[in-house]
Every structure is written in structure tokens, then in C-alpha cells.
Amino acid sequence: MQYIAEKIIVWHKSSGRHDLPWQKTQDPYRIWISEIMLQQTQVSSVIPYFKKFIKEFPTVDKLASADEDLVMRHWSGLGYYRRAKFILQTAKIIVDSYQSKFPINVDELINLPGIGKSTAGAICAFAFGGIEPIMDANVKRVFCRFYGIREWSGKAKTQKYLWNLAHENLPSKDIKIYTQALMDLGATICKGRQPDCLNCPLQRKCESFKLNLCQVIPAKKPKKTIPTKQVNVLMVEVNNQILLKKRREASVWEGLWSLPEIQEFSYIEKWLQDLWGATPFNLVKQGQHLAIFSHYKLQINFNYIVLTERINKNTPRDFLWVNRAELSNAGIPTPVKRLLRDI
DNA sequence: CACACGTGGCC
DNA sequence: TGGCCAAGTGT
């Protein structure tokens with residue numbers, strides 16, 4: 001067996017993680033859900049979401065027939081909401097085209113929405129014992145350090161090289177242990193900052209350890225300055241209910257409920273008139289709220305308006321009145337939840 | 001290839 | 001405290 005596989009498989013027995021909720025099953029459905037949730041998301045954040053999600057949607061059939069809004073509610077706060085949309089799409093495909101059974105080949109898995117090369121490899125390995133590689137942030141870091149790769153791992157050329165290495169290092173057996181060990185090593189020993197090289201099973205042949213490059217490798221992603229965007233929103237309240245609007249745009253927070261946006265606050269009266277009829281209101285509070293994303297900052301300018309009565313009882317499509325007490329359970333993005341809480 | 005896509009934790 | 005980063009995918 002290859003050096004890396006041999007060493008980390010032994011290491012995993014004593015020092016790996018064995019009690020994560022999705023390790024207690026062979027069910028491809030649960031493994032799939034966990035892998036999607038874990039995309040760009042840390043284990044500690046995922047655990048409570050995973051448990052709650054599986055409880056609500058225990059099988060792919062239950063999920064496939066679920067209401068999208070309920071799925072979004074269970075994803076609310078986890079981020080990258082497109083994943084929730086993909087999960088529902090894929091569930092329907094599995095039920096309709098695969099008789100509710102997951103395909104066991106990487107090539108078929110990869111064609112499903114939200115499942116890329118790495119997630120396909122993980123599902124294949126963990127659920128079916130397929131000898132397939134993964135390439136997450138942990139694996140990238142371990143291989144970059146071990147082989148002394150100085151380029152940033154996001155570069156196309158570097159990625160290709162890393163995938164080749166991942167293939168070359170695959171063991172012919174114990175694929176589940178190997179795959180988990182690779183990630184556990186990256187998470188607990190070969191960490192981004194202050195790696196614990198003295199306890200690393202790969203130390204003897206690690207290029208970065210030999211040359212003292214662990215502070216330089218992995219190379220940092222080239223950084224860019226991020227813009228600040230502005231948006232004007234309305235917090236409309238009547239009878240202790242808050243008005244929400246479904247986001248349909250293929251952009252941030254798609255599929256979630258948020259506050260209605262308005263071009264100019266000077267249009268408020270007309271906006272209210274158009275949607276709700278002649279509506280007397282009090283402007284209670286104005287302010288700003290800053291939400292920071294990885295690629296931009298969003299300054300949310302809000303107007304808090306309380307209607308003294310609702311003339312028009314109809315609620316247009318994509319609008320929803322929610323009781324204040326139920327806001328925390330709704331499919332609302334975290335910064336908006338905070339804004340609502342703080343006002 | 002570069003970018004959009006969320007959030008929380010770390011120092 | 002602000003910048004960095006995490007079990008990536010789709011366009």
C-alpha cells in the first residue's frame with residue numbers, strides 16, 4: 001500500500017473521528033445529505049442541522065414530496081441556500097428516475113444537481129465502498145503540504161495536479177477509513193494554522209515538514225477588495241404581524257423569505273397604496289444594518305412602519321404575514337433575522 | 001477562468 | 001477587530 005494510505009489508516013484507528021452523526025449509517029441518503037451540508041461548512045455548524053433535517057425528512061421519498069418552503073426553513077441559517085434547492089431537485093430525480101435508490105457510480109452521481117466531483121466521490125466511497133477520491137479543503141491542505149506544492153490550490157492547474165495525486169494515493173481497500181482519515185488529519189493535525197506536525201503520521205516523508213514550509217503552504221488565496229452594496233427595505237407591521245417577501249431572484253438568499261425592498265423610501269406611500277390600498281401608517285424607526293459576506297458588504301437601510309389598519313385584506317403572491325413569535329422558525333436569512341430581532 | 005453563493009469561529 | 005477560512009458547485 002502507498003505510504004500515505006498505510007500511515008493514516010493506522011493513525012485513524014486511534015486518533016480519528018468516529019462519532020459524527022453521519023458515520024453511524026450506511027444509508028446513502030443520509031450520507032448524501034451530510035455531504036451537501038458539509039460543503040464549505042464546518043462540522044460543528046452542520047451537526048444540529050443534520051439531526052433536525054433527518055428527523056423531519058428521514059427518507060429520500062419523504063424529502064422528495066416535501067414542500068420547498070419547509071426545506072428552506074430547515075436550511076435557514078446554514079447558508080449557501082442553493083444547496084437546499086438542489087437537494088430537493090435531486091431527491092425528486094432519485095425517486096422518479098432511480099426508484100428511490102441512489103446510483104452507485106461517480107459518473108451518475110455527478111450528474112445530479114448539487115453533487116460535484118468531490119461530493120460524488122465521498123458518497124461513492126462512504127455509501128458504497130467505491131475506490132474514488134475526494135478533494136475538499138482538508139485533502140488539499142494535506143496534499144499541498146506533503147508534496148510541497150507552493151501554488152494556491154484554487155488554480156486550475158494545481159487542482160488538476162491535486163486530483164491526480166488523489167487518484168494515485170487511493171488504497172485498494174479500506175476506502176472509507178482512508179477517506180475519513182484524510183479529512184480528520186486535515187481537521188485535527190494538518191490544520192491551516194499551527195499544524196501539529198509532531199503528532200503527524202506523515203511527518204517522515206512530508207516535504208513541508210522537511211523544508212519547514214508549513215507556514216507558507218498552503219498558499220493563500222489572492223485577495224480582492226470587496227464592494228459595499230446598498231438596499232432599502234421595509235419592515236411593515238400590523239396586528240403584531242410582520243410582512244415578508246419571497247426572494248425569487250437568482251441571487252443571494254434565493255428561495256428565502258426576507259423584507260420587501262423598495263427603490264426609494266419616498267415611494268413608501270405609493271407602495272403601500274398599490275399593495276394594500278389606502279393605508280394609514282406610522283413611521284416608527286429608520287436605521288441601517290450591515291451584513292458582511294465573503295464577497296461584498298450589504299448595507300441594509302430599513303424603515304419600520306406600523307399600519308394602523310389593513311384596508312385590503314388580500315395578500316399578493318410572494319408576500320406573507322408572519323407573527324412576531326414565529327419569525328425565528330421561518331426560512332429567513334440570518335442577517336435579516338438579526339435585523340428583525342434588533343428593531 | 002473568475003465569480004457568486006452564507007455563516008460562524010478563530011486570533 | 002477585521003480579515004481569513006471552512007467536508008464545493010454551477011455558470
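Below, chain A is the first sequence line, B the second, and so on; all start at residue 1.
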K.L.:
Tell me which residues in residues 332-343 of chain A put a heavy atom below 4.0 Å from DNA chain B, sorted by number, or none.
P.N.:
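Only Pro333(A), Thr334(A), Pro335(A), Arg338(A) qualify.
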K.L.:
How many angstroms lie between CD1 in Ile177(A) and CH2 in Trp11(A), if you round to the nearest 0.5 Å?
P.N.:
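These two atoms lie 12.5 Å from each other.
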K.L.:
Can we call the ring centroids of Phe143(A) and Phe146(A) under 6.0 Å apart?
P.N.:
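No: the rings miss the under 6.0 Å criterion.
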K.L.:
May I have the list of side-chain donor-acceptor pairs in residues 94-107 of chain A shorter than 3.5 Å, sequence neighbours left out?
P.N.:
| from | atom 1 | to | atom 2 | distance (Å) |
| --- | --- | --- | --- | --- |
| Ser100(A) | OG | Asp61(A) | OD1 | 2.8 |
| Ser100(A) | OG | Asp61(A) | OD2 | 3.4 |
| Asn105(A) | ND2 | Glu108(A) | OE1 | 3.1 |

K.L.:
Tell me whether the OP1 or OP2 atom of dC5(B) has a side-chain N or O from His295(A) closer than 4.0 Å.
P.N.:
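His295(A) to dC5(B) OP1/OP2: side-chain N or O found under 4.0 Å.
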K.L.:
For DNA chain C, which residues in residues 19-29 of chain A have a heavy atom at a distance below 4.0 Å?
P.N.:
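Hits under 4.0 Å, by residue number: Leu20(A), Trp22(A).
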K.L.:
Can you tell me if Glu237(A) and Tyr304(A) form a side-chain donor-acceptor pair at under 3.5 Å?
P.N.:
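Judged by distance alone, the side chains do pair up.
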K.L.:
Should Lys157(A) and Glu151(A) count as an ion pair when the cut-off is N to O under 4.0 Å?
P.N.:
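The answer is no: the pair does not qualify as a salt bridge.
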K.L.:
Remaining members of Leu243(A)'s ILVMFWY cluster at a side-chain heavy-atom cut-off under 4.5 Å?
P.N.:
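Members alongside Leu243(A): Leu234(A), Val236(A), Val238(A), Ile262(A), Phe265(A), Tyr267(A), Ile268(A), Trp271(A), Leu272(A), Leu275(A), Trp276(A), Phe281(A), Leu283(A), Ile305(A), Leu307(A), Phe319(A), Trp321(A).
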K.L.:
Pairs of donor and acceptor atoms involving the side chains of residues 217-232 of chain A, under 3.5 Å and at least two apart or interchain, shall be tabulated with distances.
P.N.:
| from | atom 1 | to | atom 2 | distance (Å) |
| --- | --- | --- | --- | --- |
| Gln230(A) | OE1 | Gln299(A) | NE2 | 3.4 |
| Gln230(A) | OE1 | Asn301(A) | ND2 | 3.0 |
| Asn232(A) | OD1 | Asn301(A) | ND2 | 3.1 |
| Asn232(A) | ND2 | Gln263(A) | O | 2.9 |

K.L.:
What residues join Trp152(A) in its hydrophobic cluster, counting side-chain heavy atom gaps under 4.5 Å, either direct or through other members?
P.N.:
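Same cluster as Trp152(A): nobody, lone residue.
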K.L.:
Donor-acceptor check, side chain of Gln2(A) to backbone of Glu168(A), threshold 3.5 angstrom: yes or no?
P.N.:
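It does hold such a pair.
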K.L.:
Can Arg73(A) and Asp69(A) be counted as an ion pair, charged N to O under 4.0 angstrom?
P.N.:
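So Arg73(A) does not pair with Asp69(A) through a salt bridge.
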K.L.:
dT9(C) and dG8(B): how far apart are their P atoms, nearest whole angstrom?
P.N.:
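Straight-line distance between the two P atoms is 22 Å.
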K.L.:
Considering residues at least two apart in sequence or located in another chain, which fulfil the side chain to side chain donor-acceptor pair (under 3.5 Å) criterion with Thr188(A)?
P.N.:
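Not a single residue meets the side chain to side chain donor-acceptor pair (under 3.5 Å) criterion with Thr188(A).
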K.L.:
Give, ordered by number, those residues of residues 152-165 of chain A having at least one heavy-atom distance below 4.0 Å to an atom of DNA chain B; if nothing qualifies, reply none.
P.N.:
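Result for residues 152-165 of chain A: Ala156(A), sorted by number.
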K.L.:
Which residue, Lys246(A), Lys85(A), Arg247(A), forms the salt bridge (Lys or Arg N to Asp or Glu O under 4.0 Å) with Glu254(A)?
P.N.:
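Exactly one candidate clears the test, Lys85(A).
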K.L.:
Has the side chain of Glu132(A) got a donor or acceptor atom that lies under 3.5 Å from a matching backbone atom of Ala125(A)?
P.N.:
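Not confirmed, Glu132(A) side chain does not pair with Ala125(A) backbone.
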K.L.:
Could you go over nucleotides 4-6 of chain C and give all protein N or O partners under 3.5 Å, atom names and distances?
P.N.:
| from | atom 1 | to | atom 2 | distance (Å) |
| --- | --- | --- | --- | --- |
| dC4(C) | OP1 | Lys223(A) | NZ | 3.4 |
| dA6(C) | OP1 | Arg141(A) | NH1 | 3.3 |
| dA6(C) | O4' | Gln42(A) | NE2 | 3.0 |

K.L.:
Could you pull out all residues at least two apart from Lys297(A) that satisfy side chain to side chain donor-acceptor pair (under 3.5 Å)?
P.N.:
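So Lys297(A) forms no side chain to side chain donor-acceptor pair (under 3.5 Å) with any residue.
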K.L.:
So what does Gln194(A) touch, heavy atoms closer than 4.0 Å: a base, only the sugar-phosphate, or nothing?
P.N.:
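Counting heavy atoms under 4.0 Å across all strands, no contact is made by Gln194(A).
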K.L.:
Rounded to the nearest 0.5 Å, how far apart are CG of Asp174(A) and CD of Glu6(A)?
P.N.:
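It comes to 11.5 Å.
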K.L.:
Tell me, which of residues 106-130 of chain A have any heavy atom that sits under 4.0 Å from an atom in DNA chain C?
P.N.:
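Output list: Leu112(A), Pro113(A), Gly114(A), Ile115(A), Gly116(A), Lys117(A), Ser118(A), Thr119(A).
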K.L.:
Is it the case that the side chain of Gln39(A) and the backbone of Arg83(A) share a donor-acceptor pair, with hydrogens and angles ignored and the cut-off at 3.5 Å?
P.N.:
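A pair under 3.5 Å: no.
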K.L.:
Looking only at heavy atoms, which two atoms of Lys176(A) and Gln26(A) are closest? And how far apart?
P.N.:
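Closest pair (atom of Lys176(A), atom of Gln26(A), distance): NZ-OE1, 2.7 Å.
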K.L.:
Could you give the distance separating dC5(B) and dG2(C) at their P atoms, to the nearest angstrom?
P.N.:
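Each nucleotide's P atom is 24 Å from the other's.
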K.L.:
At a heavy-atom distance below 4.0 Å, what parts of residues 249-257 of chain A sit against DNA chain C?
P.N.:
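Per residue number, the list is empty: none.
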K.L.:
Give Gly186(A) one of three labels, base, sugar-phosphate or nothing, depending on what nucleic acid heavy atoms sit under 4.0 Å from its own.
P.N.:
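No contact.
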K.L.:
Using the P atoms only, state how far dC3(B) lies from dC4(C), rounded to an integer number of Å.
P.N.:
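So the two P atoms sit 16 Å from each other.
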K.L.:
Run the salt-bridge test on Lys245(A) and Glu261(A) with the 4.0 Å N-O cut-off and return the result as yes or no.
P.N.:
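Between Glu261(A) and Lys245(A) there is no salt bridge, as every charged N stays at least 4.0 Å from the carboxylate O atoms.
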K.L.:
Considering just the side-chain nitrogens and oxygens of Tyr81(A), establish if one lies under 4.0 Å of OP1 or OP2 belonging to dT7(B).
P.N.:
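Yes, within the criterion.
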